[in-house]
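A short write-up of the structure that comes next.
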Amino acid sequence: ARRKNYAVISQGLHGGGIGILYLSIFAAFGFYHLIGVIPAFLFMSIITLYCGFWSTRTDWISSAVIGLISGFLTPFLIGPDKIAPSLLFSYVVLLDLGVLYISFYKKWEALNIGSFFLTQAVFYNWYTISYKQDSWLFAVSFATIFFGIFCLLSILRNFVYKERSDRIDVILVLSNGVAYFLGLFS
């Protein structure tokens with residue numbers, strides 16, 4: 001009974017600790033130049049992986065949301081110009097697969113929707129800044145991978161656990177289709 005009284009405090013302390021650790025790595029890379037691009041990217045990715053693991057172990061969506069936001073911030077904090085597009089999108093695919101894994105065990109719709117919109121933001125940011133005509137196949141390939149992941153994300157629990165679709169699932173399916181259409185035909 002005593003542990004339940006400290007759930008909010010422990011989640012807050014955990015989130016604050018993760019934030020401080022994440023910002024420490026960013027400061028070591030961006031301000032003080034103590035570590036290079038690859039170690040900073042790896043350390044930030046490990047923190048994101050830890051947040052996903054910890055959220056499923058403790059049933060804390062707050063840890064998953066912190067991991068999701070920090071995971072998608074990592075390429076922008078490192079510098080999009082310092083990361084090759086193939087590495088950037090491979091990293092985003094790994095993030096989305098992590099959310100897919102978590103969504104198999106937890107029905108955290110905010111995480112699914114957040115992952116979808118952050119993935120689209122990364123994709124369209126790259127598309128508007130760095131897209132060239134000769135990278136069409138590259139763009140279509142990753143747009144198709146993202147489409148497949150979010151199709152699975154929106155229907156996986158419905159098939160496995162025989163749950164009915166709710167509004168969030170339908171919104172995710174429709175938004176995914178629209179985003180894929182726009183990605184292919186823009």
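Remember, it's a predicted structure, so these values are computed and weren't measured experimentally.
In this structure, L153 and S103 approach most closely via the heavy-atom pair CD1-OG, 3.1 Å. The shortest non-hydrogen separation linking N158 to R164 is OD1-O, 4.0 Å. When every heavy atom of C151 is checked against every heavy atom of S154, the shortest pair comes out as O-OG, 3.0 Å. Closest heavy-atom contact between T74 and S70: OG1-O, 2.8 Å. Pairing each heavy atom of A179 with each of F116, the nearest pair is CB-CZ, 3.9 Å. Shortest non-hydrogen contact noted between L111 and A64 is CD1-O, 3.6 Å.
Ring centers of Y105 and Y161: at least 6.0 Å apart, outside the cut-off. The aromatic ring centroids of F146 and F150 lie 6.0 Å or more from each other.
Using a 4.0 Å cut-off between charged side-chain N and carboxylate O, D166 and R157 make no salt bridge.
No side-chain heavy atom of V99 sits less than 4.5 Å from a side-chain heavy atom of W108. Side-chain contact between D169 and E163: absent, with no pair of heavy atoms (C-beta onward) separated by less than 4.5 Å. Taking 4.5 Å as the limit, every side-chain heavy atom of V178 sits out of range of all side-chain heavy atoms of L174. Looking at I47 and F43, their side chains never come closer than 4.5 Å, going by heavy atoms from C-beta outward. Inter-residue side-chain proximity for L156 and Y101 is flagged as unmet; no heavy-atom pair is nearer than 4.5 Å.
S175 places no side-chain N or O within donor-acceptor distance of the main-chain N or O of L172, the cut-off being under 3.5 Å. A donor-acceptor distance shorter than 3.5 angstrom exists from the side chain of S10 to the backbone of Y6, with no hydrogens or angles considered. Between the Y124 side chain and the G183 main chain, a donor and an acceptor come within less than 3.5 Å of each other.
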Evaluate the side-chain contact (heavy atoms from CB on, under 4.5 Å) criterion for residues I145 and F89: first the C-alpha distance (whole Å), next the side-chain angles of each, then the deciding distance (0.1 Å), finally the verdict.
CA-CA 10 Å; I145 291 169; F89 287 142; over 6 Å; no

If you apply the rule side-chain contact (heavy atoms from CB on, under 4.5 Å), what do you find for H14 with T58, and how did you get there?
CA-CA 11 Å; H14 178 262; T58 59; over 6 Å; no

Go through Y22 and L73 one step at a time and tell me if the side-chain contact (heavy atoms from CB on, under 4.5 Å) criterion holds.
CA-CA 10 Å; Y22 197 80; L73 276 177; 4.2 Å; yes

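Tested against W126 for a ring-ring contact (aromatic ring centres under 6.0 Å, His included), the candidates F142, Y91, F138 yield a single pass: F138. When each of I102, D96, L97 is tested with L100 by the rule side chain to side chain contact (heavy atoms under 4.5 Å, CB included), just one qualifies, namely L97.
Within 6.0 Å of CZ in F72 there are more than 12 heavy atoms belonging to other residues, nucleotides or ligands.
L13 and I66 end up in different hydrophobic clusters when Ile, Leu, Val, Met, Phe, Trp and Tyr side chains are linked at under 4.5 Å.
A donor atom on one side chain and an acceptor atom on the other are not found under 3.5 Å apart for Y50 and S63.
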